[in-house]
Amino acid sequence: NCNGTTANYDITVKPLPNVTNSPLNKTICSGTNTSVTLTGSVTGTTFAWSSTLTAGNVTGNSTSGSGSISNTLTNTGNTLGTVQYSITPTASGCTGPVATYNVDVQPVATANPSQAAQTICAGTQTTPVALTSNVTGAVYAWTAAASPSTGMSGFTATGTGATIPVMTINSTLPTTGPITYPITPAVGGCNGTPSTHTITVNPAPSVATNPAPQSVCSGVPTQAVALSSNVAGTVTFTWSASSPSGNVSGFTPSGSGNIPVQNLTNSGSTNESVTYHIIPSFSGGTGLECPGVPLDYVITVKPVPVANIALPNQTICSGTISTAAPVNSSVTGTTYSWNASATGGITGFAATGTANPIPAWTLTNPGTTPGIVTVQITPTANGCAGTQIQHQITVNPKPAVTNSLAQTVCSSSPSTEVTLTANVPGTSFSWVATPNPGSLTGFAASGSGNIPAQTINNPTTANGTVTYTITPS
């Protein structure tokens with residue numbers, strides 16, 4: 001038995017290729033690429049794959065392909081979608097086991113605020129805004145953007161959660177200011193479609209007045225008061241008026257717009273006031289009336305003094321002294337000015353003055369008829385002049401006897417009746433007789449009116465005289 005030459009017969013056994021990606025799944029956001037780079041343990045492995053939608057509503061997947069998986073997948077539903085890729089590896093003519101790779105695609109969440117917008121007045125509260133989504137489990141993030149960026153306060157700048165909370169928002173702006181909240185929903189780390197909630201903040205108007213608070217005398221018309229505001233747009237004004245003491249009348253109790261001219265009367269004796277409580281309101285075409293900061297506008301009404309003289313009008317004789325006349329008023333601090341004039345040429349008085357009382361004067365009437373000094377008195381308090389009053393002093397002239405003042409008769413012969421006359425009409429006379437020597441008889445010792453005819457006896461040997469001292473009045 002003869003052995004031949006030994007020969008070797010080789011059988012090459014090629015390795016089966018495989019898919020070594022781990023894990024064999026990923027989750028992506030809708031609208032993004034799968035970006036799956038396939039790997040194997042055998043050098044030179046190629047990959048062929050096919051895809052199947054196994055859950056949800058996903059578009060964009062290729063039915064089949066080779067190499068890395070690069071599909072832009074879109075989830076058109078509101079639940080998680082899954083595309084399953086079946087991957088066949090091949091290397092050196094050998095086909096390895098099929099691997100399954102799942103790509104989960106998150107749905108696109110939307111944010112639905114319970115109200116798209118709201119309008120509030122500055123300083124008031126917002127309504128809470130509830131957030132919902134088409135996708136279960138969505139979360140929300142929101143950030144406030146105020147326009148302008150300054151002038152409004154009290155709002156929450158950023159937040160998360162399913163409710164934009166109640167806020168009290170203040171504004172110092174002269175115009176309406178919006179605060180916009182862009183709301184971003186998210187599911188599984190994937191941001192959805194943003195929505196917006198807008199809060200419009202109406203300004204709180206203030207009140208400016210022209211002129212500034214007034215002070216007037218009772219019975220003198222006020223100035224009309226123009227009302228304006230720091231806020232642009234439609235601002236209206238309503239007001240109500242009151243006087244705390246009840247001593248002021250003539251004011252309009254309520255109104256709107258500018259405060260008109262008022263004719264105010266103060267029946268008291270001290271300064272009184274009328275307070276106008278003004279409320280501004282802004283509408284701005286939003287349908288929401290927003291009251292602003294009220295203002296009290298005060299008009300002071302000063303009393304007009306009324307002068308009184310307790311002393312009645314006087315009558316004096318020429319050359320005598322009048323009585324000082326004190327002037328008073330119910331208004332504290334009243335001062336008085338006066339001017340005096342006279343008839344009949346009377347002298348001895350001051351033409352003007354401010355003294356109180358009106359002084360006593362020694363007045364002289366050079367005429368034959370009574371003359372009158374009239375004093376016009378004007379009271380003034382706090383710049384308010386009252387009604388003039390007057391005080392009169394009648395000055396009677398001094399009468400003088402105008403008769404011939406002597407006659408001569410014989411003893412025991414009747415004298416002639418003496419009809420007394422004077423320079424002043426209506427003068428009456430009284431008289432007293434004095435004999436010289438005292439032995440004369442037959443005369444009336446005293447009397448009034450005319451001196452009657454008398455038979456006077458002179459028992460002496462020398463001339464005698466009866467002297468009649470006549471007092472005219």
Side-chain angles (χ1 to χ4, degrees), residues 118-126 146 148 150-155 167-179 199-304 381-384:
Q118 57 181 303
T119 299
I120 65 167
C121 298
T124 63
Q125 290 186 333
T126 62
T150 59
M152 289 184 285
S153 61
F155 60 90
M167 297 170 283
T168 299
I169 302 177
N170 297 304
S171 174
T172 58
L173 298 175
T175 58
T176 296
I179 299 174
I199 301 172
T200 299
V201 183
N202 282 348
S206 62
V207 182
T209 60
N210 185 26
Q214 306 176 48
S215 180
V216 299
C217 297
S218 177
V220 176
T222 65
Q223 291 180 263
V225 182
L227 304 179
S228 59
S229 177
N230 63 324
V231 170
T234 303
V235 177
T236 58
F237 303 93
T238 58
W239 45 265
S240 59
S242 62
S243 178
S245 70
N247 288 333
V248 179
S249 60
F251 58 87
T252 304
S254 62
S256 59
N258 295 332
I259 301 173
V261 171
Q262 310 268 275
N263 198 339
L264 306 177
T265 301
N266 180 353
S267 61
S269 59
T270 59
N271 286 352
E272 303 286 355
S273 63
V274 177
T275 299
Y276 295 83
H277 186 70
I278 307 165
I279 300 176
S281 182
F282 174 80
S283 61
T286 61
L288 177 65
E289 289 288 334
C290 293
V293 181
L295 175 73
D296 285 341
Y297 182 85
V298 177
I299 297 178
T300 300
V301 186
K302 298 180 288 187
V304 171
N382 297 317
C384 298

Check whether [X] reaches the backbone of [Y] with its side chain - one donor and one acceptor, N or O, closer than 3.5 Å.
X	Y	value
Ser243	Ser273	yes
Tyr297	Ala212	yes
Trp239	Leu295	no
Lys302	Val216	no

Between [options], which is the residue that forms a side-chain contact (heavy atoms from CB on, under 4.5 Å) with [X]?
X	options	result
Pro203	Thr175, Thr176, Thr172	Thr176
Ile259	Val274, Val225, Thr222, Ile299	Val225
Thr236	Ser281, Ser256, Pro280, Ser283	Ser281

State whether a side-chain donor-acceptor pair under 3.5 Å links [X] with [Y].
X	Y	result
Asn266	Glu272	no
Ser206	Asn230	yes
Thr252	Gln262	yes

Atom pair [atom1]/[atom2] of [X] and [Y] - distance to nearest 0.5 Å:
X	Y	atom1	atom2	result
Thr270	Asn247	OG1	CG	7.0 Å
Phe251	Ser242	CZ	OG	7.0 Å
Gln214	Gln223	CD	CD	5.0 Å
Asn258	Ser228	CG	OG	9.0 Å

Is there a side chain to side chain contact (heavy atoms under 4.5 Å, CB included) between Phe237 and Ile279? Walk through the geometry before answering. CA-CA 6 Å; Phe237 303 93; Ile279 300 176; over 6 Å; no
Side chain to side chain contact (heavy atoms under 4.5 Å, CB included) evaluation trace for Ile179 with Val201: CA-CA 8 Å; Ile179 299 174; Val201 183; 4.3 Å; yes
Work out which heavy atom in Ala204 is nearest to a heavy atom in Ala122; give both atom names and the distance.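 Shortest heavy-atom contact: N-CB, 4.0 Å.
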Heavy-atom closest pair, residues Cys290 and Pro205: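 Nearest heavy atoms, Cys290 then Pro205: O-CD, 3.9 Å.
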Side-chain contact, heavy-atom cut-off 4.5 Å: [X] with [Y]?
X	Y	answer
Met152	Leu173	yes
Val248	Thr265	no
Thr209	Leu227	yes
Leu288	Asn202	yes
Pro303	Asn271	yes
Thr126	Gln118	yes

Where do Val293 and Val207 land on the side chain to side chain contact (heavy atoms under 4.5 Å, CB included) test, with the steps shown first? CA-CA 7 Å; Val293 181; Val207 182; over 6 Å; no
